[in-house]
Amino acid sequence: MNKCYYNCSPKRNERDRHKRSRRGIRLMLFLVAALLLLGVVLGAVAHAPLAFTVVAAGVIAVWLAVFAARERHARRN
């Protein structure tokens, strides 16, 4: 007995594989861009005074904490 239903057609599987490959390319491009940005930021931080770096890191940490709290609150409602 053939267990391949309509959704198992070769054309559909080929389209899904193409979507997955495009998704993988987008993810790879995002990771490359993120690593490039990280390298630029770390290069800039290496030339900044330590006090400025600590204050900037604190501001970013507070910003991320506020964002996380807002997102959690929005998902509960």
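What you see is a predicted model, and the numbers here were worked out from it, not measured in a lab. Hydrogens, waters and symmetry mates play no part in the numbers below; they use all other heavy atoms, side chains included.
As a member of the Ile/Leu/Val/Met/Phe/Trp/Tyr network built from side-chain separations under 4.5 Å, Leu36 groups with nothing else and remains a singleton. Side-chain contacts under 4.5 Å among hydrophobic residues (ILVMFWY), followed directly or transitively, place Val62 together with Val66. Taking Ile, Leu, Val, Met, Phe, Trp and Tyr as members and joining any whose side-chain heavy atoms lie under 4.5 Å apart, directly or through other members, the hydrophobic cluster of Leu64 also contains Ile60. Chaining together hydrophobic side chains whose heavy atoms lie under 4.5 Å apart places Val45 alongside Leu37, Val41.
With values rounded to the nearest 0.5 angstrom, Leu38 atom CG is found 12.0 Å from Leu31 atom CG.
For the side chain to side chain contact (heavy atoms under 4.5 Å, CB included) test, residues two or more places apart in sequence or in another chain that qualify with Ala48 are Phe52, Thr53. Residues forming a side-chain hydrogen bond (donor to acceptor under 3.5 Å, both in side chains) with His73 (at least two apart in sequence, or on another chain): Asn77.
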